[in-house]
Asks: 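Here you go, one structure.
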Amino acid sequence: NEDIMSAAGIMRQYQVVGRKAATEENPNPEAYRMVIFAPNQVAAKSKFWYFMRQFRKMKKSTGEILDIVELVEKNSRLVKNYGIWLRYDSRSGTHNMYREYRDLKLTGAVSQLYN
């Protein structure tokens, strides 16, 4: 399924772990883990910091990435149905949507969503 390309490329699933940088008053800050779909590690880190700015008062300049790992599916020989809930903004407002895709991997279904 590597021949499917979108503007963003083939989506991959990453687990990104980051935290606020350690300081003298807080030597061991709380770590945050996020599972992110992105075409590469650089985009995954960028999305991580985007969401951390929204949900916690944390920016790239005041934080650090502890770990980034690509998650791969164990059994990708069976065709499965994936249901994806998404939310998008249009000119008339915000809408919730449910789409189903059929693929070997979850990353393939998400890549279909972006195409």
Asks: So do the side chains of R12 and P39 get within less than 4.5 Å of each other, counting heavy atoms only?
Replies: no
Asks: Taking atom CE of M11 and atom CG of N115, what is their separation to the nearest 0.5 Å?
Replies: 9.0 Å
Asks: Between V17 and A31, what is the shortest heavy-atom contact and its length?
Replies: CG1-CB, 4.3 Å
Asks: Could you give the distance from CG (N28) to OG1 (T23), rounded to the nearest 0.5 Å?
Replies: 10.5 Å
Asks: So, using side-chain contact (heavy atoms from CB on, under 4.5 Å) as the criterion, who are the partners of I68 when residues are at least two apart?
Replies: Y14, V16, Q41, A44, K45
Asks: Check this for me: does any side-chain nitrogen of one of R19 and E30 sit under 4.0 Å from a carboxylate oxygen of the other?
Replies: no
Asks: State the CG-CG distance between D103 and L78, to the nearest 0.5 angstrom.
Replies: 12.5 Å
Asks: At their closest point, which heavy atom of G83 faces which heavy atom of Y98, and how far apart are they?
Replies: CA-OH, 3.4 Å
Asks: Identify the heavy atoms of P29 and K20 that sit nearest to each other, and give their distance.
Replies: CG-O, 2.9 Å
Asks: Side chains of Y101 and V110, heavy atoms from C-beta outward: is any pair under 4.5 Å?
Replies: no
Asks: Same cluster or not: F55 versus Y50, using hydrophobic residues (I, L, V, M, F, W, Y) connected whenever any side-chain heavy atoms lie under 4.5 Å apart?
Replies: yes
Asks: Could you pull out the closest heavy-atom pair between F37 and T107, with the gap in Å?
Replies: CE2-CG2, 4.2 Å
Asks: For the residue pair H95 and S90, what are the closest heavy atoms and their distance?
Replies: NE2-OG, 2.8 Å
Asks: Do the side chains of L86 and F51 join up, straight or via other hydrophobic residues, at under 4.5 Å, putting them in one cluster?
Replies: no
Asks: Would you please test Y32 and M58 for side chain to side chain contact (heavy atoms under 4.5 Å, CB included) and show each step?
Replies: CA-CA 11 Å; Y32 298 96; M58 194 185 313; 3.5 Å; yes
Asks: Considering the options M52, Q15, K47, which one meets the side-chain contact (heavy atoms from CB on, under 4.5 Å) requirement together with M34?
Replies: M52
Asks: Would L106 end up clustered with I36 when hydrophobic side chains under 4.5 Å apart are linked, directly or stepwise?
Replies: no
Asks: Mind checking salt bridge (Lys or Arg N to Asp or Glu O under 4.0 Å) for K80 and listing every partner two or more places apart, or none if nothing turns up?
Replies: E73
Asks: So if you build clusters from Ile, Leu, Val, Met, Phe, Trp, Tyr with side-chain heavy-atom gaps below 4.5 Å, do I84 and Y114 land together?
Replies: yes
Asks: Determine, using the 4.5 Å side-chain heavy-atom cutoff (strictly less than), whether Y82 and M97 are members of one ILVMFWY cluster.
Replies: yes
